[in-house]
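The structure under discussion appears below in the form of structure tokens.
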Amino acid sequence: MKLNIVPARTGLTWVKLGLKTFAGQPLAMAGLFFMYMAAASVLGLVPIVGVVAALAIVPAATLGLMAASAEASRGKFPMPSILLSAFRAGQQRLRAMLTLGALYAAACLLITLVAGLIFPLPAGGKEADMQTVVTSPAFQQSMMLTLLLYLPVSVMFWHAPALVHWHGITPAKSLFFSSVAIVRNLPAYLVYGFGWLAVFMIAGLLVTTLGSLLGGPEMIGTIMLPTALIMASMFFASLYFTFRDSFVDDNGATPESPGDAP
């Protein structure tokens, strides 16, 4: 396995492929994403342990959605079991994926802790005080710092699950190779990011316009949530292509593996 350098315009191709793949299997791709979100939400209801578990399954869930996108791109209908691809690849790769999950959860919790210590939120937290908390400068500064600190974490974990699953690379090396791939192909990933930003902005404009015509702010709120989930499903449908084109095997071929690792 080696790094593949792609031109900047490839970023736009990834966006198009994500949209095309979702359009080919909209029910499957949206349904799989909703299943993942539902599982994470249920886990999040369990105090402390559930929150950690919800974070820890992110790498495995990302791999499952990438595998689903690979299947859909070949015209196949990805079954719900594909979300469990990371848990069906043998003990060695399962342990590696669980290690990634633990590292991801630890990184996210550490970011939250650091942001909370630097910008402590106002006292309270009751439902009646939530608007005050959300609109406070401390909350906004904390969110900005959280996003800033999360950026390198996202870079490290972007390709790590796929490298562990499809190439059998150790967790530490997968984090390193993922970072190198994004840094070396930074122009393509910037185009990719701005491309999705444009798609999200257009979708938001359409939802706002449609909601205003149908019933005002309440209708906008009603339409916004399912639209946001669908847009997120489209984005996750594109992740596989960023991995496929960023790495090639020793023979020069890009990975086209199904959900289960060889």
Within the 4.5 Å heavy-atom criterion, are Phe87 and Leu98 side-chain neighbours or not? yes
What are the two closest non-hydrogen atoms of Ile82 and Leu32, and how far apart are they? CG2-CD1, 4.0 Å
Can you measure from CZ (Phe77) to CE (Met29) and round to the nearest 0.5 angstrom? 10.5 Å
Which atom pair, heavy atoms only, marks the closest approach of Met97 to Leu63? CE-CG, 4.1 Å
Which atom of Pro171 lies closest to which atom of Ala96, heavy atoms considered: CG-O, 3.6 Å
With heavy-atom distances below 4.5 Å as the criterion, would you say the side chains of Phe157 and Ser178 are in contact? no
Report the C-alpha separation of Leu175 and Leu100 in whole Å, then their side-chain angles, then the decisive distance to 0.1 Å, and conclude whether the side-chain contact (heavy atoms from CB on, under 4.5 Å) test is met. CA-CA 9 Å; Leu175 297 174; Leu100 278 184; 3.9 Å; yes
Passing option when Val207 is tested against Thr222, Thr227, Leu225, Ile202 for side chain to side chain contact (heavy atoms under 4.5 Å, CB included): Thr227
Any donor-acceptor pair under 3.5 Å linking the side chain of Thr146 with the backbone of Ser142? yes
Atom NZ of Lys173 and atom NE2 of His167: how far apart are they, to the nearest 0.5 Å? 14.0 Å
Regarding Thr62 and Tyr104, do their side chains bring together a donor and an acceptor under 3.5 Å, going by distance alone? no
Between Leu3 and Val6, is there a shared hydrophobic cluster once you connect ILVMFWY residues whose side-chain heavy atoms come closer than 4.5 Å? yes
Drop me the distance from Thr21's OG1 to Glu71's CD, to the nearest 0.5 angstrom. 12.0 Å
Could you please spell out the steps behind the side-chain contact (heavy atoms from CB on, under 4.5 Å) verdict for Ser246 and Asn4? CA-CA 5 Å; Ser246 293; Asn4 186 39; 5.7 Å; no
For the residue pair Ser238 and Tyr192, confirm or rule out a side-chain donor-acceptor distance under 3.5 Å. yes
Nearest 0.5 Å, please: how far is CD1 in Ile48 from CG in Leu109? 10.5 Å
Ring centroid separation for Trp158 and Phe243, is it under 6.0 angstrom? no
Treat each ILVMFWY residue as a node, draw an edge where side-chain heavy atoms are under 4.5 Å apart, and state whether Trp14 and Leu12 are in one component. no
Restricting to non-hydrogen atoms, name the atom on Ala86 and the atom on His165 that form the minimum distance, rounded to 0.1 Å. CA-ND1, 4.1 Å
Side chain to side chain, Ser174 and Met156, heavy atoms closer than 4.5 Å: no
Count I, L, V, M, F, W, Y as connected when their side-chain heavy atoms are under 4.5 Å apart, and connections chain through other members. Are Phe200 and Met37 then in the same cluster? yes
To the nearest 0.5 angstrom, please state how far the CZ atom of Arg184 sits from the CD1 atom of Ile5. 4.0 Å
Test log, rule side-chain contact (heavy atoms from CB on, under 4.5 Å), inputs Thr10 and Phe241: CA-CA 10 Å; Thr10 305; Phe241 303 103; over 6 Å; no
Which is it for Arg244 and Leu17 under the side-chain contact (heavy atoms from CB on, under 4.5 Å) test, yes or no, and what are the steps along the way? CA-CA 12 Å; Arg244 183 196 67 180; Leu17 287 172; 3.6 Å; yes
Do the non-hydrogen side-chain atoms of Leu65 and Leu239 ever get within less than 4.5 Å of each other? no
To the nearest 0.5 Å, what is the distance between CD (Gln25) and NZ (Lys76)? 12.0 Å
Minimum heavy-atom separation for Ala54 and Gly44, please, with both atom names. CB-N, 4.4 Å
Transitive ILVMFWY side-chain link Phe176 to Ile182, under 4.5 Å: yes
Can you find a heavy atom in the side chain of Met66 that is under 4.5 Å from one in the side chain of Pro161? no
Name the orientation class of the two ring planes belonging to Phe235 and Trp196 (parallel below 30°, tilted from 30 to 60°, perpendicular beyond 60°). perpendicular
CD/Gln92: more than 12 non-hydrogen atoms of other groups inside 6.0 Å: no
Looking at Leu145 and Ala115, what are the two nearest heavy atoms and their distance? CD2-CA, 3.8 Å
Under 6.0 Å between the ring centres of Phe247 and His159? yes
Let me know which of Val191, Val199, Thr242 forms a side chain to side chain contact (heavy atoms under 4.5 Å, CB included) with Val15. Val199
Indicate if Leu110 and Tyr150 have the same hydrophobic cluster label, given that clusters are the connected sets of ILVMFWY residues with side-chain heavy-atom separations under 4.5 angstrom. yes
